[in-house]
Amino acid sequence: MIEEWATGLMSSLGAVGAGIAIALENLFPPLPSEVILPLAGFTAHKGGMSLVAAIIWTTVGSLVGALALYGVGAVLGRERTVALAAKLPLLKVSDIEKTEAWFARHGTKAVFFGRMIPIFRSLISVPAGVERMRLPVFLVLTGLGSLLWNSIFILAGYGLGAQWHRITEYVGLYSKVVLGAAVLAVVAFVVLRALRAGGGKRRAPKGRDAEADRDREAEPGRRGR
């Protein structure tokens with residue numbers, strides 16, 4: 001269904017349609033770029049659009065979509081992010097602070113390389129907006145990362161022609177590995193945080209009991225005086 005929708009968009013609008021499709025893919029990650037981009041390359045192979053135009057317009061589309069998500073992060077802001085984190089179970093304000101510190105050190109690399117990781121290629125724009133990364137820096141890093149990612153898939157679709165579907169098989173596996181790793185990381189975080197929280201609750205009564213024991217031990221001395 002996605003393939004038919006993308007094909008119709010490209011057939012009616014050409015390279016501009018490919019750019020629109022990629023902009024929407026940034027806003028709605030379930031729309032896979034690994035289908036849209038090779039299909040754009042195949043369309044260029046058939047003469048439906050210029051290869052260079054396909055690369056340029058899909059990169060523009062990536063920038064538009066990323067900029068919209070950057071705006072979401074900027075509007076959300078740090079205070080709202082911290083307030084939201086404080087309401088979520090097992091999540092602490094210190095987690096946000098650690099993420100901020102990490103982003104301050106590695107934000108430029110995260111934005112650039114994040115454009116080449118499924119799912120995260122869209123989401124990475126939000127923390128960049130929350131942290132108010134300088135807009136020119138964000139646009140340059142996003143543009144370069146998107147240009148590299150888009151070019152690889154469009155050129156692959158162009159070269160494979162009617163066999164462009166083969167690309168989606170390999171990238172689909174890559175996407176599943178990334179998603180699986182992300183799910184495992186979240187599960188590990190939740191389990192460890194829950195165990196620590198449970199351990200703290202169990203230790204608290206022991207602390208009170210120990211304090212009570214010390215008071216009881218001191219009582220005979222007080223009575224003797």
Side-chain angles (χ1 to χ4, degrees), residues 2-3 6 9-10 13-45 48-73 102-103 105-129 131 133-161 163-179 181-182:
I2 293 175
E3 181 182 335
L9 194 60
M10 293 179 202
L13 298 177
V16 176
I20 293 173
I22 288 297
L24 293 174
E25 178 265 338
N26 276 261
L27 298 173
F28 305 101
L31 295 174
S33 62
E34 57 266 28
V35 172
I36 298 171
L37 293 170
L39 182 57
F42 174 54
T43 304
H45 175 86
M49 68 177 75
S50 163
L51 180 62
V52 174
I55 293 174
I56 291 174
W57 278 104
T58 53
T59 301
V60 170
S62 296
L63 282 170
V64 170
L67 191 57
L69 292 175
Y70 177 96
V72 170
W102 181 90
F103 198 87
R105 294 193 302 270
H106 308 290
T108 53
K109 294 189 288 288
V111 170
F112 177 76
F113 291 106
R115 300 302 305 174
M116 303 168 213
I117 303 176
I119 301 174
F120 296 99
R121 64 189 308 270
S122 297
L123 299 179
I124 193 61
S125 300
V126 177
E131 294 302 317
M133 173 182 280
R134 288 194 300 125
L135 193 55
V137 174
F138 173 77
L139 290 175
V140 168
L141 293 171
T142 299
L144 291 175
S146 299
L147 177 63
L148 181 58
W149 174 268
N150 295 353
S151 297
I152 289 173
F153 284 94
I154 290 175
L155 290 173
Y158 185 89
L160 288 172
Q163 298 298 315
W164 69 270
H165 288 280
R166 291 167 54 189
I167 304 170
T168 62
E169 297 174 5
Y170 296 110
V171 182
L173 179 61
Y174 170 49
S175 299
K176 289 177 182 177
V177 170
V178 171
L179 180 60

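What you are looking at is a predicted structure, and each value in this text was computed from that prediction instead of being measured.
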Closest non-hydrogen atom pair, [X] against [Y]:
| X | Y | answer |
| --- | --- | --- |
| L69 | S125 | CB-CB, 3.7 Å |
| S146 | S62 | OG-CB, 3.4 Å |
| L27 | A68 | CD2-CB, 3.8 Å |
| T142 | A66 | CG2-CB, 3.6 Å |
| F103 | V111 | CZ-CG2, 4.2 Å |
| A54 | M49 | CB-SD, 3.5 Å |

Quiz item: Are Q163 and F42 close enough, and set up right, to give a side chain to side chain contact (heavy atoms under 4.5 Å, CB included), and what steps lead you there?
Solution: CA-CA 9 Å; Q163 298 298 315; F42 174 54; over 6 Å; no
Quiz prompt | Ring centers of F138, Y70 separated by less than 6.0 Å | solution =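 Yes; Y70 has its ring centre under 6.0 Å from that of F138.
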Contact check, side chains of [X] and [Y], non-hydrogen atoms, under 4.5 Å:
| X | Y | value |
| --- | --- | --- |
| I124 | F113 | no |
| L51 | L155 | yes |
| L148 | L144 | no |

Practice problem: Check whether any side-chain N or O of R115 sits under 3.5 Å from a backbone N or O of G145 as a donor-acceptor pair, and report yes or no. | Solution: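 No, the answer is negative, given that no donor and acceptor are paired below the 3.5 Å cut-off.
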Practice problem: Spell out, as yes or no, whether a donor-acceptor pair under 3.5 Å connects the side chain of N150 to the backbone of T58. | Solution: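 Between the backbone of T58 and the side chain of N150 there is a qualifying donor-acceptor contact (under 3.5 Å).
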Euclidean distance, [Y] [atom2] relative to [X] [atom1], rounded to 0.5 Å:
| X | Y | atom1 | atom2 | answer |
| --- | --- | --- | --- | --- |
| I22 | F153 | CD1 | CZ | 10.0 Å |
| T43 | I36 | OG1 | CD1 | 11.5 Å |
| K109 | L141 | NZ | CG | 10.5 Å |

Practice problem: Would you please test L135 and L67 for side chain to side chain contact (heavy atoms under 4.5 Å, CB included) and show each step? | Solution: CA-CA 9 Å; L135 193 55; L67 191 57; 3.7 Å; yes
